[in-house]
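Worksheet: the structure to be examined is printed underneath.
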2 protein chains.
Amino acid sequence: MKVRKTAGFPPASAPDDTHGDGPDFELIELFFFAYRDFVGEPDRLLEKHGFGRAHHRVLHFVNRNQGLHVAELLELLEITKQSLARVLKDLIEAGLIEQRAGETDRRQRLLFLTAEGAALAASLAEMQDARVARAKAAIGAHNRGTIVRFLSELIDPRASLLPRKATEPRQP
Amino acid sequence: MKVRKTAGFPPASAPDDTHGDGPDFELIELFFFAYRDFVGEPDRLLEKHGFGRAHHRVLHFVNRNQGLHVAELLELLEITKQSLARVLKDLIEAGLIEQRAGETDRRQRLLFLTAEGAALAASLAEMQDARVARAKAAIGAHNRGTIVRFLSELIDPRASLLPRKATEPRQP
DNA sequence: GAAATATGTCAATAACGTTGACGCAAATAG
DNA sequence: CTATTTGCGTCAACGTTATTGACATATTTC
């Protein structure tokens, strides 16, 4: 394949669409490429365990919200019960996630990471954090708030999601 | 479903992980949610046409690089020939994309949007641009460069991709 | 003319998502 | 206390997007 190559990244954004009056293609494309690479690196690690991106998301959110129950996870991910079922089953069978019955409501299945699950979640988070850290360094730590604000504004306002503080296990 | 709801978005990031020494979960999660909503809105429009996200990407990059040939598109998207084939076929059959034989190399299939294809691409781009515009307004126009820099740093450095200026059709 | 290249196509497979329906256990309403 | 609702798991069927490997055809290049 003889492709004419020239220097320059990002790829498909000419410098002159920075100030154009059409859509901000540069940002739109950067966002696409950035997200692709942001998840691509974890994907490769997950593949070695026989998991996919969906498993990553479950690991991540269980890690961040230990003790959440299935309905909460479904709301967070905005997927259906059946979509979650397969992925969750994989993770439980692999010994990365444990279920315990809720104490106040014993129908609920509270989800926790095992030590092994926490280890994988940490590895994945470190990959993404290292990437984010590089990017933060490039813009200077004082500009982190700008990124937070920007990304937050991209998100659809929702009714609100998690009821409790993220990191701590539930107090029944 | 009786879920205890409280105010507050973003969802699963406690305010106190902003300055923690672990991974920057806040940014990691914001990025996930932001991308989901960023593509979610176009997804809903595409669905009405019977297309999916893959069609969007092809429309977008053909729009931005009219006259590119198949191999270039494959490189940009980082997918395989077979993955592209179905999507491209759909778009050609729907009359949104046209192929013309390359003039210097008649094996090449140069890709162009039809008027109809350009219209859909524009609608999709406008949706995403409106969202981005809101976010830019929130941070102030002078901070756009920070976002560009940040996103660029998240991207894996590659050998380099498109050889020519993005918007203009190829000069053979 | 032979070899490499650009594209299209066939077949098989996997990951991730969907909807709809049903069953069971536990909580709650009457 | 019975009846209904809720939380969860599961079965079946299906759609979209991606993968790999192989092969056919047209065209360019050596």
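Order of the sequence lines sets the chain letters (A, B, ...), proteins ahead of strands, with each chain counted from 1.
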Taking any heavy-atom pair under 4.0 Å as a contact, classify [X]: base, sugar-phosphate, or nothing.
| X | answer |
| --- | --- |
| A:Lys81 | base |
| A:Arg86 | base |
| B:His56 | nothing |
| B:Gln99 | sugar-phosphate |

Parallel, tilted or perpendicular: which describes the rings of A:Phe31 and B:Phe31, with under 30° parallel and over 60° perpendicular?
-> perpendicular
Cationic N near anionic O, under 4.0 Å, B:Glu26 to A:Arg144 = yes
DNA chain C: A:Gly50 or A:Gln82, which has the more 5' nearest nucleotide?
-> A:Gly50
Between A:Asp105 and A:His55, the residue closer to the 5' end of DNA chain C by nearest nucleotide is A:His55
According to a strict under-4.0 Å criterion, is A:Ser83 in side-chain N/O contact with OP1 or OP2 of C:dT18?
-> yes
Is the shortest side-chain N/O distance from B:Thr80 to OP1 or OP2 of D:dA18 below 4.0 Å?
-> no
For [X] and [N], give me the distance from atom [atom1] to atom [atom2], rounded to whole Å.
| X | N | atom1 | atom2 | value |
| --- | --- | --- | --- | --- |
| B:Asp43 | C:dC16 | CG | C1' | 14 Å |
| A:Glu78 | C:dT19 | CD | C1' | 18 Å |
| A:Arg109 | C:dA26 | CZ | P | 8 Å |
| A:His69 | C:dA27 | NE2 | P | 14 Å |
| A:Ile79 | D:dG9 | CD1 | C1' | 15 Å |
| B:Arg53 | C:dC16 | CZ | P | 14 Å |
| B:Leu74 | C:dT5 | CG | P | 16 Å |
| A:Leu68 | D:dG7 | CG | C1' | 14 Å |

Check residues 85-102 of chain A and write down every donor-acceptor pair under 3.5 Å in which the side-chain atom is one partner and the other belongs to a residue at least two apart or another chain.
{"unit_1": "A:Asp90", "atom_1": "OD2", "unit_2": "A:His55", "atom_2": "NE2", "d": "2.9"}

Nearest heavy atoms of A:Gln128 and A:Val39, plus distance in Å = NE2-CA, 4.2 Å
Could you please name the option among [options] that lies closest to any side-chain atom of [X]?
| X | options | result |
| --- | --- | --- |
| B:Ala71 | D:dA12, C:dT7, D:dA18 | C:dT7 |
| B:Ala54 | D:dT17, D:dC8, C:dG8 | D:dT17 |
| A:Gln108 | D:dA18, D:dG7, C:dT9 | D:dG7 |
| B:Arg106 | D:dA18, D:dT5, D:dT27 | D:dT27 |

Of B:Arg53, B:Met127, B:Arg36, which meets side-chain contact (heavy atoms from CB on, under 4.5 Å) against B:Asp43?
-> B:Arg53
Per the atom types in the model, does the base of D:dT28 pair as donor or acceptor with the side chain of B:Arg107 at under 3.5 Å?
-> no
What do you reckon, are the aromatic ring centroids of B:Tyr35 and A:Phe33 less than 6.0 Å apart?
-> no
